[in-house]
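All figures in this text were calculated on a predicted structure; none of them were measured in a lab. Numbers here simply count residues along the sequence, with the first being 1. Quick note: numbers below take in every heavy atom, side chains included, and nothing from hydrogens, waters or symmetry partners.
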Amino acid sequence: MIICSNCQHANVSGTLFCVECGAQLDGVETLTTQAITQDQITEELKKKQRPEPPSSPINSWISLHLMDSGKILPLASRNEFTLGRLSEGQPIMPDIDLTPYQAYASGVSRLHVVIKRESSRVLIMDLGSSNGTYLNGRRLNPHVEETLNHGDVVALGKLKIQVLLRNI
């Protein structure tokens, strides 16, 4: 412990300034500064850079950005996908299982929505889900197709997903 000579507060060893009054503690070496070159800064920044995220497969026309987790799910090859969650003992299986992303807690139905590509349009349709589907904050009517655009935010119950479309 280091006792502050100004206010007599007991500070943890290694503390430079008193946590009570802010005075520099006795017995602490004086701090010195040193010049840092731009090359050193650049080198440190390179060490701390995050690796590039994996690129989407070439045939991926849509990716789903799960906004809570930051995870991106590239979807490929097919023109139509159902999204939902698995339920133990149920034969219903969505094409894209959102169970690992807290789907049950977020109110995602077993078969919640379908997303499909028709020529140059991408469509979404709620499949009669219990907690609804929202497109940019507006609730969708069940079994009615709506157009999706790049950057749209879709909420399946409370699970928010941003739609990332490749030029189709």
Side-chain angles (χ1 to χ4, degrees), residues 12 14-17 19-20 22 36 38-168:
V12 178
T15 306
L16 301 176
F17 296 94
V19 295
E20 189 68 29
I36 300 174
Q38 184 62 44
D39 292 339
Q40 289 171 312
I41 294 171
T42 303
E43 191 62 35
E44 281 299 312
L45 289 174
K46 283 181 184 177
K47 289 179 188 176
K48 293 181 182 182
Q49 279 183 339
R50 292 182 180 170
E52 287 290 318
S55 59
S56 297
I58 298 298
N59 56 353
S60 175
W61 56 273
I62 184 172
S63 293
L64 304 177
H65 172 220
L66 303 171
M67 296 176 74
D68 288 339
S69 68
K71 179 90 172 151
I72 295 179
L73 304 176
L75 308 182
S77 68
R78 296 174 39 196
N79 286 326
E80 186 171 316
F81 299 92
T82 56
L83 280 71
R85 63 176 172 81
L86 294 180
S87 182
E88 208 171 296
Q90 295 291 323
I92 299 171
M93 293 182 54
D95 297 319
I96 307 302
D97 176 24
L98 298 171
T99 304
Y101 310 105
Q102 309 302 317
Y104 181 79
S106 297
V108 176
S109 293
R110 287 174 297 207
L111 285 180
H112 201 106
V113 296
V114 63
I115 296 176
K116 62 183 176 179
R117 175 173 60 171
E118 284 184 356
S119 63
S120 64
R121 295 187 328 152
V122 177
L123 304 169
I124 187 169
M125 181 174 65
D126 180 274
L127 297 172
S129 64
S130 298
N131 295 304
T133 301
Y134 297 81
L135 177 58
N136 298 322
R138 181 180 55 84
R139 188 173 181 138
L140 300 182
N141 292 319
H143 308 290
V144 176
E145 292 180 339
E146 297 268 352
T147 302
L148 277 179
N149 296 300
H150 179 73
D152 281 349
V153 175
V154 174
L156 310 182
K158 294 180 183 174
L159 182 67
K160 290 185 179 179
I161 301 170
Q162 185 176 32
V163 178
L164 306 173
L165 298 176
R166 185 178 291 234
N167 294 336
I168 53 176

*Taking it one step at a time, do Gln102 and Asp68 satisfy side chain to side chain contact (heavy atoms under 4.5 Å, CB included)?*
CA-CA 10 Å; Gln102 309 302 317; Asp68 288 339; over 6 Å; no
How many angstroms lie between atom [atom1] of [X] and atom [atom2] of [Y], to the nearest 0.5 angstrom?
{"X": "Glu146", "Y": "Leu135", "atom1": "CD", "atom2": "CG", "value": "6.5 Å"}
{"X": "Tyr101", "Y": "Leu156", "atom1": "OH", "atom2": "CG", "value": "13.5 Å"}
{"X": "Arg121", "Y": "Asn149", "atom1": "CZ", "atom2": "CG", "value": "10.5 Å"}
{"X": "Met125", "Y": "Thr82", "atom1": "CE", "atom2": "OG1", "value": "10.5 Å"}
{"X": "Ile62", "Y": "Phe81", "atom1": "CD1", "atom2": "CZ", "value": "8.0 Å"}
{"X": "Leu148", "Y": "Leu164", "atom1": "CG", "atom2": "CG", "value": "11.0 Å"}

So, for [X] and [Y], which heavy atoms are closest and what is the spacing to 0.1 Å?
{"X": "Gly132", "Y": "Arg139", "answer": "CA-NH2, 3.4 Å"}
{"X": "Leu165", "Y": "Val163", "answer": "CD2-CG1, 3.7 Å"}
{"X": "Asp97", "Y": "Pro100", "answer": "O-CD, 3.6 Å"}
{"X": "Trp61", "Y": "Ile115", "answer": "CH2-CG2, 4.3 Å"}
{"X": "Ser109", "Y": "Ser130", "answer": "OG-N, 3.0 Å"}
{"X": "Asp95", "Y": "Glu80", "answer": "OD2-O, 4.1 Å"}

*Can you check whether Pro94 reaches Leu83 side chain to side chain, under 4.5 Å on heavy atoms?*
no
*Between Glu43 and Asp39, does a side chain to side chain contact (heavy atoms under 4.5 Å, CB included) hold up when you go through it step by step?*
CA-CA 6 Å; Glu43 191 62 35; Asp39 292 339; over 6 Å; no
_Backbone of Tyr104 reached by a side-chain donor or acceptor of Arg85 within 3.5 Å_ = no
*Just wondering, more than 12 heavy atoms not from Met93 lying within 6.0 Å of its CE?*
no
*Using a cut-off of 6.0 Å, state whether more than 12 heavy atoms not belonging to Tyr134 lie near its atom OH.*
yes
*Have a look at Glu145 and tell me which of Leu140, Asp126, Leu123, Ile124 forms a side-chain contact (heavy atoms from CB on, under 4.5 Å) with it.*
Leu123
*Option from Lys71, Lys160, Gln162 for which side-chain contact (heavy atoms from CB on, under 4.5 Å) with His65 holds*: Gln162
*asked:* What verdict does the side chain to side chain contact (heavy atoms under 4.5 Å, CB included) test give for Leu98 and Leu73, after you've listed the backbone C-alpha separation in whole Å, the side-chain angles of each residue and the deciding distance to 0.1 Å?
replied: CA-CA 10 Å; Leu98 298 171; Leu73 304 176; 4.2 Å; yes
*Check step by step if side chain to side chain contact (heavy atoms under 4.5 Å, CB included) holds for Asn79 and Lys116.*
CA-CA 5 Å; Asn79 286 326; Lys116 62 183 176 179; 5.9 Å; no
